S.K.: 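I am attaching a structure below and will ask some questions about it afterwards.
Order of the sequence lines sets the chain letters (A, B, ...), proteins ahead of strands, with each chain counted from 1. Quick caveat: nothing in here was measured; it's all calculated off a predicted structure.
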Amino acid sequence: MYDLRWIRENPEAFDAGMAARGVAPQAADILSRDEKARANRTTLQEMQNRRNALSKQIGAAKSKGEDADHLIAEVGELKGALQSGEEIERELSQSLRETLSGLPNQPEADVPVGPDEEANIEVRRHGTPPVFDFKPKEHFEIGEALGLMDFEAASKLSGSRFVVLHGALARLERALSTFMLDIHSTEFGYSETSVPLLVREHTAFGTGNLPKFEEDLFKTTDGFYLIPTAEMVLTNLVRDGVLGEDELPLRFIAHTPCFRSEAGAAGRDTRGMLRQHQFYKVEMVSISHPDDSKNELDRMTGCAEAILQRLGIPYRAMLLSSGDMGFSAKRTYDLEGWMPGQDCYREISSCSNCGDFQARRMSARYKPKQGKGTNFVHTLNGSGLAVGRTLIAVMENYQLADGGFAIPEALQPYMGGMTRVV
RNA sequence: GGAGGGAUGGCAGAGCGGUAAUGCAACGGAUUGCUAAUCCGUCAACGUGUAACAGCGUUGCGGGGGUUCGAGUCCCCCUCCCUCCGCCA
């Protein structure tokens, strides 16, 4: 959500940012409507001022028992203009708000400009893809052969894009979640949080999922939205509030199921559990001082990388291009884990700095120690990590010639000492 | 599901037709061996204005509509929160 005054003062920069996002220039249209709204506001205020003054005189006259009819008549003449002025004010400001709430965040200056993932930049790479003396399988081949991953059963229950896990795989999913939560909460300072999975409209608006991306969400018959990520809840924890400057940063971690309609993804990644309507994710959220959000993003990305490193999953970090970033982000790093079965890197985490974009939508502020008033906080979110995809990466990277796979050392304590799944 | 109560500035909390008390917190200033205390002011948003302040003005009492010369106060609709009862993991 944008500050109109900022657009007024920086119309070129604003449109440049929109261009990077593949959005047509907006400033001229927005500013002309803004000007109209302000002109109307000014004349409206003059009329209101007049009405107030007359009403005061009427009150005074009546209390003295004098005749106020001519004053009342004069106010009566104002009435129609006053009402239409108020109506125009409402219409203009609402339509401006609607326009502004549908525009994506501005990319940071050094974010590569491009329409899609082709323009992303690899910023670093860690680990070496394992070499197999057999043709590496995809996770669903391994899982199904082991009898621990059942897409047919899931389809019977719920249709496509769901899975049923059994035995060691079900436990591995739980182990991964616990492992991640433990590290983030005990080593990295994220406060473990248990949150609602159903939210109201204003919550989804706050993070930028509404109004523009309603089709991506599941909605219940009584108006709740199922969260597509814990980002939505954790970020909104600070909505409508004013934090003390020394409370920042706030860091939250939560493990939740995530629900996505995948409306625009028909036909993509249909095999396996890479793209599901429901999956678990451990999500990090930081509420940061504006001066610190840049560093906080690096820190957060590092926390996600630490998980991949301890699990021994090779990965690369990508700085996303302006066209590939999410709606609310101004800078995003994707961590892509190596998937031997697909012979490529696939997204397994995404860490974004949203600046004050979401904070404005949520009215989340802090009070600076010096000076008066309040400022908007910065919000950041990152997967730490997507559990389902991490499960895939573990299975594929640790797969064995016999059709099973090994358990990474770091995970073994969480698996009751199990070292491999056969 | 039934019955009530409520939504006011960062927080607490009055006002029930005449144009937002008061307290706390915070900020600026004054005073003061230090701390504390005390006093004055500021303390929402927007418009206008300014180099930036100031100033001036309007709005603001959950949202929308109505009555009225005038609405936080009265009427209608909606949203959300809370309490009790019932049901239930």
Side-chain angles (χ1 to χ4, degrees), chain A residues 1-10 30-98 100-101 194 196-206 210-211 219-225 233 236-248 250 257 287 289 356 359-377:
Chain A
M1 183 69 104
Y2 287 96
D3 180 7
L4 264 174
R5 275 176 300 190
W6 184 82
I7 300 175
R8 242 176 255 155
E9 285 157 23
N10 306 277
I30 289 173
L31 291 182
S32 87
R33 285 153 67 197
D34 173 47
E35 204 156 319
K36 215 181 285 176
R38 277 150 62 207
N40 178 67
R41 207 164 297 151
T42 302
T43 61
L44 175 63
Q45 288 182 359
E46 281 163 6
M47 288 189 287
Q48 288 169 327
N49 192 11
R50 181 75 189 136
R51 178 203 55 198
N52 292 347
L54 287 171
S55 292
K56 215 174 238 175
Q57 289 176 36
I58 292 166
K62 282 194 166 177
S63 71
K64 279 189 260 174
E66 293 169 7
D67 174 51
D69 286 355
H70 63 292
L71 293 171
I72 291 173
E74 192 178 344
V75 175
E77 282 166 31
L78 276 172
K79 198 160 186 178
L82 218 40
Q83 264 179 344
S84 76
E86 281 167 10
E87 197 172 322
I88 291 167
E89 158 68 18
R90 241 191 328 274
E91 277 166 13
L92 288 177
S93 58
Q94 191 192 332
S95 101
L96 266 172
R97 213 175 317 125
E98 273 166 18
L100 292 176
S101 66
S194 173
L197 307 178
L198 297 171
V199 298
R200 295 205 179 272
E201 184 183 358
H202 63 265
T203 305
F205 178 88
L210 289 181
K219 189 177 188 179
T220 70
T221 51
D222 42 9
F224 287 105
Y225 292 93
V233 231
N236 274 282
L237 286 175
V238 295
R239 88 171 359 260
D240 287 328
V242 180
L243 297 160
E245 189 170 18
D246 48 15
E247 289 179 78
L248 301 174
L250 293 174
I287 310 300
H289 190 287
D356 65 5
R360 287 179 181 282
R361 290 175 159 250
M362 298 187 298
S363 186
R365 294 154 291 160
Y366 73 94
K367 193 166 176 47
K369 291 199 142 159
Q370 304 293 328
K372 56 176 181 179
T374 54
N375 298 327
F376 291 106
V377 297

S.K.: Report the distance from atom NZ of A:K36 to atom P of B:rG47, rounded to the nearest whole Å.
M.R.: 17 Å

S.K.: Okay, side chain of A:R361, backbone of A:F205: is any donor-acceptor separation there less than 3.5 Å?
M.R.: yes

S.K.: Using whole Å, report how far NZ of A:K367 lies from P of B:rC24.
M.R.: 17 Å

S.K.: What's the gap between B:rU38 and B:rC24 when it is taken at their P atoms, as a whole Å value?
M.R.: 8 Å

S.K.: Can you check the distance between B:rC43 and B:rC76, where both ends of the measurement are the C1' atom (answer in whole Å)?
M.R.: 37 Å

S.K.: What does A:R239 touch in the nucleic acid at a heavy-atom separation under 4.0 angstrom: a base, only the sugar-phosphate, or nothing?
M.R.: nothing

S.K.: Grab the CG-P distance between A:L92 and B:rC46 for me, whole Å please.
M.R.: 17 Å

S.K.: What's the gap between B:rC16 and B:rA25 when it is taken at their C1' atoms, as a whole Å value?
M.R.: 29 Å

S.K.: Hunt down the Watson-Crick or G-U wobble partner of B:rC80, both distances under 3.5 Å, from any strand shown, or write none.
M.R.: B:rG6

S.K.: Would you kindly give the CD1-to-C1' distance between A:I88 and B:rC46, to the nearest whole Å?
M.R.: 18 Å

S.K.: So do the side chains of A:R5 and A:R8 get within less than 4.5 Å of each other, counting heavy atoms only?
M.R.: yes

S.K.: Could you tell me the Watson-Crick or G-U partner of B:rG55, where both distances fall under 3.5 Å? Say none if there is no partner.
M.R.: B:rU48

S.K.: Rounded to the nearest Å, what distance is computed from the CZ atom of residue A:F376 to the C1' atom of nucleotide B:rA44?
M.R.: 12 Å

S.K.: Whole angstroms only, please: what is the CZ-P distance between A:R360 and B:rA45?
M.R.: 12 Å

S.K.: So, the side chain of A:N10 versus the backbone of A:W6: is there a donor-acceptor pair under 3.5 Å, distance only?
M.R.: yes

S.K.: Would you say A:Q48 has more than 12 foreign heavy atoms packed within less than 6.0 Å of its CD?
M.R.: yes

S.K.: Taking any strand in view, what nucleotide pairs with B:rC16 in a Watson-Crick or G-U wobble way, both distances under 3.5 Å?
M.R.: none

S.K.: Say we look at B:rU8 and B:rU22: how far apart would their C1' atoms be, to the nearest angstrom?
M.R.: 14 Å

S.K.: In the structure shown, which nucleotide is the Watson-Crick or G-U wobble counterpart of B:rG70, with both distances under 3.5 Å?
M.R.: none

S.K.: Say we look at B:rA21 and B:rG9: how far apart would their C1' atoms be, to the nearest angstrom?
M.R.: 13 Å

S.K.: Between B:rU42 and B:rA54, how far apart are the two P atoms, rounded to whole Å?
M.R.: 12 Å

S.K.: Has A:R33 got a side-chain atom pairing as donor or acceptor with A:S95's backbone, closer than 3.5 angstrom?
M.R.: yes

S.K.: Roughly how far apart, to the nearest Å, are B:rU35 and B:rA30 at atom P?
M.R.: 14 Å

S.K.: If the cut-off is 4.0 Å, is A:R8 near the phosphate of B:rG47, judged by side-chain N/O to OP1 or OP2?
M.R.: yes

S.K.: Walk along nucleotides 55-72 of chain B from 5' to 3' and tag each nucleotide B, S or - by protein heavy-atom contact under 4.0 Å, base first, then sugar-phosphate.
M.R.: --BBS-----S--BBS--

S.K.: When the nearest nucleotide of RNA chain B is assigned to A:R200 and to A:V242 on a heavy-atom basis, which residue is associated with the more 5' position?
M.R.: A:V242

S.K.: Is there side-chain contact between A:E247 and A:Y366, with heavy atoms separated by less than 4.5 Å?
M.R.: no

S.K.: Roughly how far apart are A:N40 CG and A:R90 CZ, rounded to 0.5 Å?
M.R.: 11.0 Å

S.K.: When the distance from CG of A:L4 to P of B:rU48 is rounded to whole Å, what number comes out?
M.R.: 12 Å

S.K.: Pairing check on B:rC43: which nucleotide meets the Watson-Crick or G-U wobble criteria with it, both distances under 3.5 Å?
M.R.: none

S.K.: Say whether, by atom type as modelled, one donor and one acceptor occur between the side chain of A:R239 and the main chain of A:H202 under 3.5 angstrom.
M.R.: yes

S.K.: Identify the nucleotide, in any strand shown, that forms a Watson-Crick or G-U wobble pair with B:rA30, with both distances under 3.5 Å; if there is none, say none.
M.R.: B:rU38

S.K.: Report yes if some heavy atom in the side chain of A:I7 is under 4.5 Å from a heavy atom in the side chain of A:L100; otherwise report no.
M.R.: yes

S.K.: Rounding to an integer number of Å, can you tell me how far A:E247 CD sits from B:rA26 C1'?
M.R.: 14 Å

S.K.: Can you check the distance between B:rU19 and B:rA71, where both ends of the measurement are the P atom (answer in whole Å)?
M.R.: 12 Å

